[in-house]
> 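Please find one structure pasted underneath; my questions will follow.
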Amino acid sequence: MYGRLPIVKMLLVTIVLTVVISAVMVPINWNGQGASTAAPKIDHLLNVMIVLSAFVFSLVMVMLFYALWKFKAKPGDESDGEPIHGNTRLEIAWTLIPTIIVLFAGGYSWKVLDDIEEPNSKHLTVSVFSQQYAWSFAYPGKDYAWSEGELHVPVGRQVQFKMHALDVIHSFWVPEWRIKKDNVPGITTTAIVTPDKKGAYQLVCTELCGFGHATMRAKVVVESKDKFEEWVEGLDQKLPEPMMDVLKEESVSNPPDLGAGGA
């Protein structure tokens with residue numbers, strides 16, 4: 001009754017809309033300043049996802065508005081719609097296309113994650129402890145020298161953060177590094193970052209953890225190797241015994257490689 005769908009025209013309109021939306025959305029710096037080797041790769045991944053999303057959105061909108069225009073009821077027509085069985089080819093297409101898109105997105109994301117989390121044998125290990133509503137840090141390679149509320153790391157060296165939650169779930173995030181990782185009570189989670197720009201940044205908890213969640217922040221300083229070594233040597237406190245006990249208990253089921261990396 002309705003004839004063939006104008007597939008070619010609809011596809012062309014979809015492509016044009018995808019290009020227009022992507023041209024507007026991709027140049028926007030959604031994540032702000034980058035300060036780690038992972039930042040450009042994650043930003044590029046986001047741009048790829050924006051283009052894919054623009055294509056899916058455009059395709060759905062084109063088909064929706066075509067259907068609204070082509071198959072609308074004529075004025076005064078109150079009859080029932082024509083009974084139809086369906087369109088097997090169309091159903092295969094709208095199943096296959098999203099499947100391909102999702103598989104591509106998942107595979108590409110996996111590749112990026114695998115790349116940015118590639119371990120370096122000369123990495124620095126930092127133990128991170130989160131609790132309502134504070135962060136503290138210990139340096140295993142320096143006999144667990146301990147700092148509360150301030151994290152220092154050297155520029156250009158991979159850092160493996162071994163994270164421990166002392167009460168509820170928290171989440172470790174320095175926006176400029178792009179890496180975000182949950183701290184879960186009872187297990188050790190790991191975040192791998194290579195800072196590549198000196199400066200002062202802010203560590204933010206991004207997991208709602210109580211009334212003081214918004215205030216759970218810590219200062220992060222990325223500096224030269226010499227200044228970092230000097231700062232660590234100047235720490236006069238060692239990791240408190242209760243935190244050391246937590247670290248040892250979690251090591252039983254999820255070894256954090258306590259001596260790795262040094263400082």
> Just checking K219: does its NZ atom have more than 12 heavy atoms from other residues, nucleotides or ligands closer to it than 6.0 angstrom?
no

> List the steps, then state whether side-chain contact (heavy atoms from CB on, under 4.5 Å) holds for K181 with F161.
CA-CA 10 Å; K181 184 75 73 168; F161 295 99; over 6 Å; no

> Please check if atom NZ in K227 has more than 12 non-hydrogen atoms from other residues, nucleotides or ligands closer than 6.0 Å.
no

> Could you please spell out the steps behind the side-chain hydrogen bond (donor to acceptor under 3.5 Å, both in side chains) verdict for S171 and D182?
CA-CA 4 Å; S171 192; D182 282 354; 3.0 Å; yes

> Do L52 and Y108 sit in one hydrophobic cluster, given that two such residues count as connected whenever their side-chain heavy atoms are within less than 4.5 Å of each other, even indirectly?
yes

> In terms of hydrophobic clustering (I, L, V, M, F, W, Y; side-chain heavy atoms under 4.5 Å; direct or indirect links), are F71 and V13 co-clustered?
yes

> Given 3.5 Å as the limit, does a donor-acceptor pair link the side chain of Q158 with the main chain of N120, or not?
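Yes, Q158 side chain to N120 backbone: donor-acceptor pair under 3.5 Å.
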
> Is there a side-chain contact between M10 and M63, using heavy atoms and a 4.5 Å cut-off?
yes

> So, do F137 and V153 sit near enough that their side-chain heavy atoms are less than 4.5 Å apart?
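Result no, sub-4.5 Å side-chain heavy-atom pair not found.
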
> What I'd like to find out is whether the side chain of E241 reaches to under 4.5 Å of the side chain of D245, using heavy atoms alone.
yes

> Please verify the inter-ring angle class for F129 with H164; under 30° counts as parallel, over 60° as perpendicular, anything in between as tilted.
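Parallel.
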
> Determine the interplanar angle of the W231 and H152 rings, folded into 0 to 90°, and report it as parallel if under 30°, tilted if 30 to 60°, perpendicular if over 60°.
parallel

> Would you check if S130 and F172 make a side-chain contact, meaning some heavy-atom pair closer than 4.5 Å?
no

> Could you state whether F211 and V168 fall into the same hydrophobic cluster, counting links through intermediate Ile, Leu, Val, Met, Phe, Trp or Tyr residues with side-chain heavy atoms under 4.5 angstrom apart?
no

> Going by the side-chain contact (heavy atoms from CB on, under 4.5 Å) test, name the single residue among I192, V193, V126, L124 that passes it with Q160.
I192

> Same cluster or not: V56 versus V20, using hydrophobic residues (I, L, V, M, F, W, Y) connected whenever any side-chain heavy atoms lie under 4.5 Å apart?
no

> Give a yes or no on whether V48 and I101 share a hydrophobic cluster (residues Ile, Leu, Val, Met, Phe, Trp, Tyr; joining criterion: side-chain heavy atoms under 4.5 Å apart).
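As far as the 4.5 Å side-chain criterion goes, I101 and V48 are connected within one cluster.
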
> Please step through side-chain contact (heavy atoms from CB on, under 4.5 Å) for the pair S22 and T18, ending with a clear verdict.
CA-CA 6 Å; S22 299; T18 300; 4.1 Å; yes

> Is the shortest distance from a Lys or Arg side-chain nitrogen in E229 or K142 to a carboxylate oxygen in the other one below 4.0 Å?
yes

> Just so I know, are the side chains of L235 and W146 near enough to count as touching, which here means a heavy-atom distance under 4.5 Å?
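No; the side chains remain at least 4.5 Å from each other.
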
> With a cut-off of 6.0 Å (strictly less than), are more than 12 heavy atoms of other residues, nucleotides or ligands near CD of E230?
no

